[in-house]
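Computation of the quantities below employed the complete heavy-atom set of this structure, encompassing side-chain atoms and omitting hydrogens, waters and symmetry-equivalent molecules.
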Amino acid sequence: TDYLVSHKGGTHEAVAAMGHLSESERQSIGEELYQHPFYVKVTSDGKATATFSDRALTQPAFDAIAKFANRVRYLPALADGKPVDGVAELRFSQLHL
């Protein structure tokens with residue numbers, strides 16, 4: 001993919017690349033959680049597997065947050081240009097379509 005080609009040989013963290021909450025979804029989680037950073041375990045193929053409220057990955061996120069996080073598109077972490085499992089920081093307020 002373009003992502004792998006443009007980061008050939010590089011090492012990068014997983015990234016929340018694209019997603020969107022509807023206005024009603026945004027209201028359902030509230031402004032505080034909309035701005036809050038969540039941490040999402042991402043597989044080497046870009047799939048979310050678990051969402052946490054803390055960087056240490058010890059506090060699982062609420063079910064609604066995890067559901068929304070699973071709809072986000074992620075770019076996997078890279079180690080020497082190869083996709084690997086990783087963790088992406090997710091802030092719903094910073095997502096782009």
Side-chain angles (χ1 to χ4, degrees):
T1 68
D2 291 340
Y3 175 67
L4 295 176
V5 170
S6 64
H7 293 89
K8 186 177 182 177
T11 298
H12 300 277
E13 294 182 11
V15 177
M18 187 183 333
H20 175 71
L21 292 182
S22 70
E23 188 59 35
S24 64
E25 291 168 337
R26 180 179 173 175
Q27 289 176 0
S28 75
I29 66 170
E31 189 64 24
E32 183 178 337
L33 292 179
Y34 185 69
Q35 300 291 337
H36 182 78
F38 293 96
Y39 301 90
V40 182
K41 286 186 176 182
V42 178
T43 65
S44 62
D45 61 352
K47 304 252 189 281
T49 60
T51 304
F52 298 87
S53 295
D54 65 321
R55 190 179 298 273
L57 310 179
T58 61
Q59 301 290 320
F62 298 115
D63 288 342
I65 297 295
K67 176 182 147 191
F68 297 148
N70 286 342
R71 293 189 350 222
V72 171
R73 179 175 169 218
Y74 298 92
L75 298 175
L78 299 176
D80 298 323
K82 304 215 182 304
V84 295
D85 293 352
V87 176
E89 181 178 290
L90 169 64
R91 290 179 191 257
F92 290 108
S93 62
Q94 295 178 353
L95 287 176
H96 304 285
L97 286 176

Heavy-atom closest pair, residues [X] and [Y]:
| X | Y | value |
| --- | --- | --- |
| E25 | R71 | OE2-NH1, 2.7 Å |
| A16 | Y74 | CA-CD2, 3.6 Å |
| G86 | A14 | C-CB, 4.4 Å |
| S44 | P83 | O-CB, 3.2 Å |

Could you go through residues 33-41 and list every donor-acceptor pair under 3.5 Å that involves a side-chain atom there, pairing it with any protein atom two or more places apart or in another chain?
unit_1, atom_1, unit_2, atom_2, d
Q35, OE1, S93, OG, 3.2
Q35, NE2, E31, OE2, 2.8
H36, NE2, S53, O, 3.2
Y39, OH, R55, NH2, 3.3
Y39, OH, E89, OE1, 3.4

For residues 59-70, which side-chain N or O atoms pair as donor and acceptor with protein atoms under 3.5 Å away, sequence neighbours left out?
unit_1, atom_1, unit_2, atom_2, d
N70, ND2, A66, O, 3.4

Applying side-chain contact (heavy atoms from CB on, under 4.5 Å), name anything that partners T43, two or more places apart in sequence or on another chain.
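side-chain contact (heavy atoms from CB on, under 4.5 Å) list for T43, sorted by chain: D45, K47, T49, D85.
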
R73 atom CZ, neighbour heavy-atom count above 12 within 6.0 Å:
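Count not over threshold, so no.
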
What about V87 and L75, same hydrophobic cluster or not, with Ile/Leu/Val/Met/Phe/Trp/Tyr joined at side-chain heavy-atom distances under 4.5 Å?
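No; tracing contacts between hydrophobic side chains, which count when under 4.5 Å, never links both residues.
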
Hey, any chance V84 and V42 share a hydrophobic cluster, counting ILVMFWY side chains that come within less than 4.5 Å of each other, even indirectly?
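In one cluster with V84: V42, no.
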
